[in-house]
Amino acid sequence: QVAAIAPSPRALAAAEPLAVPARWVSTGADGRSLWGRCRGSGSEPYDTMVDHTLEGAGAAWRCSCPSRQQPCKHALALLLLWARGAVAEASPPPSVAAWVARRSRSAPTPADAPSGSDDPAPSRPDRDTPDRDVLDRARDERVARMLAGLAELDRWLADRLRNGLADPALARYSTWDSLAARLVDARAGALANRVRRLAGLVGASPDWHSAVLAELAMLHLLAQAGRRVADLPGPLADAAATAVGWQVRQADVLASAPDTDDWLVAGRSDTREDRIEVRRVWLRGQRTGEWAMVLSFAAYQQVLDDSLQVGAVVRADLHRYPGRSLRVLVGRCETAPLSEPVEGSTVVAACDEIGRAVAAEPWLERFPAIVRAAPAFADGAWCLTDHTGSAPLRSDPAALATLLAASAGDPVEITVEWTPHGLVPLAVHLPDRALDVGPRADPSFVGAT
């Protein structure tokens with residue numbers, strides 16, 4: 001019966017991690033209603049109440065969380081908890097009793113709009129909820145616009161291949177910029193960024209044709225995946241939608257169950273995308289070994305977030321974006337001691353981990369690793385090497401000089417960021433400190449200092 005009222009199987013799966021007593025306080029149930037407060041990312045738990053009459057008038061629910069999905073995962077989790085016998089019988093608090101009484105006096109509806117609790121305890125105030133038909137139409141219009149943009153992108157790619165890479169139009173930035181602008185209009189901003197970066201590859205090196213062809217193939221893959229999101233498995237569908245540019249509300253991300261751990265701030269990498277500075281901070285769980293990425297953005301003369309210092313350890317709740325995405329939002333966060341020395345893997349083990357990630361998401365452009373290796377010069381290029389193998393380095397001279405001086409040519413723990421063009425060193429972990437050697441999009445940029 002609980003599964004029957006869930007809006008989708010994915011919503012029921014999202015409720016499962018919350019359907020444990022440890023996530024709830026002040027739960028209770030009587031013959032008609034359920035209530036409880038679920039610990040989330042906010043300073044106050046979410047107030048949830050459910051009328052569990054699953055026949056006749058039907059079930060109803062209210063929750064102070066910001067989710068527009070009805071029923072929300074907190075209501076589903078509370079029902080699952082009750083169905084498993086983990087909610088004790090009790091007398092309902094005044095807010096629940098008043099809500100049930102109002103439902104009894106008024107005409108029942110399939111699901112009450114979410115609003116604040118009538119209880120004097122802290123809760124989210126009542127708000128007007130937009131008409132569901134309006135929201136559905138807006139969503140459908142956006143989906144239709146994005147699908148049309150992806151179809152146009154595929155036609156554009158077919159035209160480019162028919163004309164060949166020797167077409168003089170490819171050397172004009174306007175050729176790429178006009179396509180990127182149309183993708184922005186189609187709400188596919190992530191693909192627009194890839195197109196603008198691709199424009200910079202034309203004529204940039206003697207073998208630019210192969211690099212451009214590979215990127216055109218990746219755009220085709222993403223266009224096809226974006227048009228088939230409904231047919232893909234759940235996590236892959238979310239990953240494809242995110243890679244295309246589908247936006248996820250921060251409130252929905254923060255409402256998800258957090259990954260709690262002591263997180264090592266393993267490295268930082270700054271890039272410039274169009275006219276925006278982008279900072280990626282890579283975190284690794286001390287207990288789980290899982291990776292996470294915190295993104296921050298800044299326009300010119302604005303300041304990038306520097307609250308996470310490389311080498312520090314924070315005890316934090318991280319809320320992950322949908323799918324296999326490493327991107328997270330930071331919830332509760334406090335400084336924690338470094339519980340153990342940083343230990344890197346071998347070059348081959350790091351390549352295996354990166355390979356699995358790329359196999360799962362072929363459009364991946366960056367992935368982190370910590371390796372214990374030494375910088376070496378071989379065949380006219382720098383690389384990281386150990387007894388298992390070598391991997392090419394892609395670094396600016398200043399970062400390479402710091403890496404050489406800190407390691408003295410011996411193996412040392414190094415956080416690297418994999419890219420299709422080589423490993424980018426981000427941090428050198430010494431016994432007494434960490435050296436931040438990650439790239440900066442603009443060394444003179446105020447927000448990057």
Can you confirm whether more than 12 heavy atoms, excluding those of E16, are under 6.0 Å from its CD atom? yes

Give the intermediate values and the outcome of side chain to side chain contact (heavy atoms under 4.5 Å, CB included) for residues R394 and W418. CA-CA 9 Å; R394 179 173 176 259; W418 170 84; over 6 Å; no

Using a 4.5 Å cut-off on heavy atoms from C-beta on, say whether the side chain of W291 contacts that of V328. no

May I ask you to decide if R37's main-chain N or O and S26's side chain share a donor-acceptor pair within less than 3.5 Å? no

Test item: L165 and L216 side chains (from C-beta on) under 4.5 Å apart, heavy atoms: yes

L326 vs P368 side-chain heavy atoms within contact, under 4.5 Å: yes

Nearest 0.5 Å, please: how far is CG in L161 from CG in L157? 7.0 Å

Short side-chain to backbone donor-acceptor contact, H319 and S256, under 3.5 Å: yes

Within the 4.5 Å heavy-atom criterion, are D259 and R320 side-chain neighbours or not? yes

Pairs where residues 153-165 contributes a residue and the test side chain to side chain donor-acceptor pair (under 3.5 Å) is met, not counting sequence neighbours: D154-H220, D154-Q224, D154-R227, D159-R162, R160-D167

Report yes if the side chains of L393 and L403 come closer than 4.5 Å at any heavy-atom pair, otherwise no. yes

What is the distance from atom CG of L219 to atom CG of L179, rounded to the nearest 0.5 Å? 8.0 Å

Where A266 and A427 come nearest, the two heavy atoms and their spacing: O-CB, 3.4 Å

With rounding to the nearest 0.5 angstrom, report the CG to CG distance, L81 to L76. 12.5 Å

Can you confirm whether more than 12 heavy atoms, excluding those of E343, are under 6.0 Å from its CD atom? no

Would you check if W35 and D47 make a side-chain contact, meaning some heavy-atom pair closer than 4.5 Å? no

Going by the salt bridge (charged side-chain N to carboxylate O under 4.0 Å, His left out) test, name the single residue among R284, R287, R315 that passes it with D262. R315

Looking only at heavy atoms, the pair that brings G267 and L426 closest together is CA-CB, 4.1 Å

Within a 6.0 Å radius of atom CG on D379, are there more than 12 heavy atoms belonging to other residues, nucleotides or ligands? no

Counterpart residues, side-chain hydrogen bond (donor to acceptor under 3.5 Å, both in side chains), relative to T260 (two or more places apart): D317

Under 3.5 Å donor-acceptor, S407 side chain and A374 backbone: no

Determine yes or no for a side-chain-to-main-chain donor-acceptor pair under 3.5 angstrom, with R327 supplying the side chain and L295 the backbone. no

Distance from L153 atom CG to R194 atom CZ, nearest 0.5 Å? 11.0 Å

Say whether, by atom type as modelled, one donor and one acceptor occur between the side chain of T402 and the main chain of A398 under 3.5 angstrom. yes

On a heavy-atom basis, the closest approach of A75 and W61 is CB-CB, 4.0 Å

Which heavy atom of A434 sits nearest a heavy atom of V310, and at what distance? CB-O, 4.2 Å

Any V371 side-chain heavy atom under 4.5 Å of D386 side chain: no

Return the OH to CG distance between Y46 and L78, rounded to the nearest 0.5 Å. 15.5 Å

Stepwise side chain to side chain contact (heavy atoms under 4.5 Å, CB included) check, M218 with L221: CA-CA 5 Å; M218 195 60 67; L221 173 65; 3.9 Å; yes

Where the side chain of D261 meets the backbone of T288, is there a donor-acceptor pair that is under 3.5 Å apart? yes

Nearest heavy atoms of A77 and L18, plus distance in Å: CB-CB, 3.6 Å

Side chains of F367 and E353 in contact at under 4.5 Å (non-hydrogen atoms): yes

I need the S345 OG to E413 CD distance, nearest 0.5 Å. 9.5 Å

Working note: W263 + L318, criterion side chain to side chain contact (heavy atoms under 4.5 Å, CB included); need CA distance, chi angles, decisive distance, verdict. CA-CA 9 Å; W263 299 90; L318 302 185; 3.3 Å; yes

Please report the closest heavy-atom contact between A257 and K73, naming both atoms and the distance. N-NZ, 3.6 Å

Ion pair check, R268 and D436, cut-off under 4.0 Å: yes

Run the side chain to side chain contact (heavy atoms under 4.5 Å, CB included) check on E417 and R280 step by step: do they pass? CA-CA 10 Å; E417 186 179 60; R280 294 171 176 83; 4.1 Å; yes

